[in-house]
> 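One structure, pasted below without further comment.
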Amino acid sequence: MNSMNELSREKCDVGGKDAVRLGPSEVTALLGQLSDWRVVQRDGIDQLEKGFVFSDFTAALSFTNQVGRLAEEENHHPSILTEWGKVTVTWWSHSLGGLHRNDFIMAAKTDVLNASVVY
């Protein structure tokens, strides 16, 4: 079993007020377990982002809806930009103003979803 699959099998931790933002070494270690995700910074907030390419808008929209259902199931919601043939998914923990393990779990789940969904 590879690391991405291990992350994708985890459930998001509610954490509440005890949740803490990941430090740089933790981010680097978890990022190494994902494929093609990158950390971007917007307004001083680290976010985890990846673009997915599709054959047309319908396929991109279908993937967007699948990610939306996944987000609802886990109660952790990304920013999703849907374009013709492309979807950009961005995960971060809004309440922490940065990255939490949940974001990496959801990134791994997004990759699994992309690999398994038929469009």
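Values reported hereafter were calculated over all heavy atoms of this structure, with side chains retained and with hydrogens, waters and symmetry mates removed. Remember, predicted model here, so these are calculated numbers, not experimental data.
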> Looking only at heavy atoms, what is the nearest atom pair of S55 and W84, with distance?
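In terms of heavy atoms, the two residues are closest at O-CH2, 3.2 Å.
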> Do E10 and R101 sit within salt-bridge range, that is, some charged N less than 4.0 Å from a carboxylate O?
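Yes.
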> Taking atom types as modelled and ignoring hydrogens, do the side chains of N102 and S93 form a donor-acceptor contact shorter than 3.5 angstrom?
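Side-chain D/A pair, N102 to S93: absent.
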> How long is the span from the CH2 atom in W92 to the CD atom in Q41, to the nearest 0.5 Å?
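Those atoms lie 13.0 Å apart.
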> If Ile, Leu, Val, Met, Phe, Trp and Tyr residues are connected whenever their side-chain heavy atoms lie under 4.5 Å apart, and connections chain through other members, are L99 and I45 in the same group?
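Yes; I45 is reachable from L99 via cluster members.
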> Where do L22 and V27 come nearest, in terms of heavy atoms and distance?
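Closest approach of L22 to V27, heavy atoms only: CB-CG2, 3.8 Å.
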> Examine distances only and state if a side-chain atom of E74 and a backbone atom of C12 form a donor-acceptor pair shorter than 3.5 Å.
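Answer holds: yes.
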> Do you reckon V89 sits in the same ILVMFWY cluster as L61, going by side-chain contacts under 4.5 Å, direct or chained?
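Different clusters: V89 never reaches L61 through Ile, Leu, Val, Met, Phe, Trp or Tyr contacts under 4.5 Å.
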> Taking side chain as C-beta onward, heavy atoms only, is V87 less than 4.5 Å from N114?
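A side-chain contact under 4.5 Å is absent here.
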> Looking only at atom types and distance, does a side-chain atom of D103 sit under 3.5 Å from a main-chain N or O of H100, one as donor and one as acceptor?
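At least one qualifying donor-acceptor pair exists.
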> For the side chain to side chain contact (heavy atoms under 4.5 Å, CB included) test, which of R69, M106, Q66 pairs with L113?
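It is Q66, the one option of R69, M106, Q66 that forms the side chain to side chain contact (heavy atoms under 4.5 Å, CB included) with L113.
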> Looking at W91 versus H76, is the centre-to-centre ring distance below 6.0 Å?
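Ring-ring flag for W91/H76: true, centres closer than 6.0 Å.
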> Could you check T110, D36, D111, T90 and say which one makes a side-chain hydrogen bond (donor to acceptor under 3.5 Å, both in side chains) with K50?
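The side-chain hydrogen bond (donor to acceptor under 3.5 Å, both in side chains) with K50 is passed solely by D111 among T110, D36, D111, T90.
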> With rounding to the nearest 0.5 angstrom, report the CZ to NZ distance, R9 to K109.
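Result: 9.5 Å between the selected atoms.
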> Which heavy atom in P78 sits nearest to a heavy atom in A71, and how many Å separate them?
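That closest heavy-atom pairing would be CD-CB, 3.7 Å.
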> Could you check whether any side-chain heavy atom of L30 comes within less than 4.5 Å of a side-chain heavy atom of L7, counting everything from C-beta outward?
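Side-chain contact under 4.5 Å: yes.
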> Using a strict threshold of under 4.0 Å (side-chain N to carboxylate O), is an ion pair present between R42 and E49?
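A salt bridge is present here (some side-chain N lies under 4.0 Å from a carboxylate O).
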> So T82 and I80, do their side chains get closer than 4.5 Å, heavy atoms only?
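SC-SC contact between I80 and T82 confirmed.
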> Main chain of L96, side chain of R21: is a donor-acceptor contact present, judged purely on distance under 3.5 Å?
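Flag set: sc R21 to bb L96 pair under 3.5 Å.
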> For T58, is there any backbone N or O sitting under 3.5 Å from a side-chain donor or acceptor partner on D56?
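Yes.
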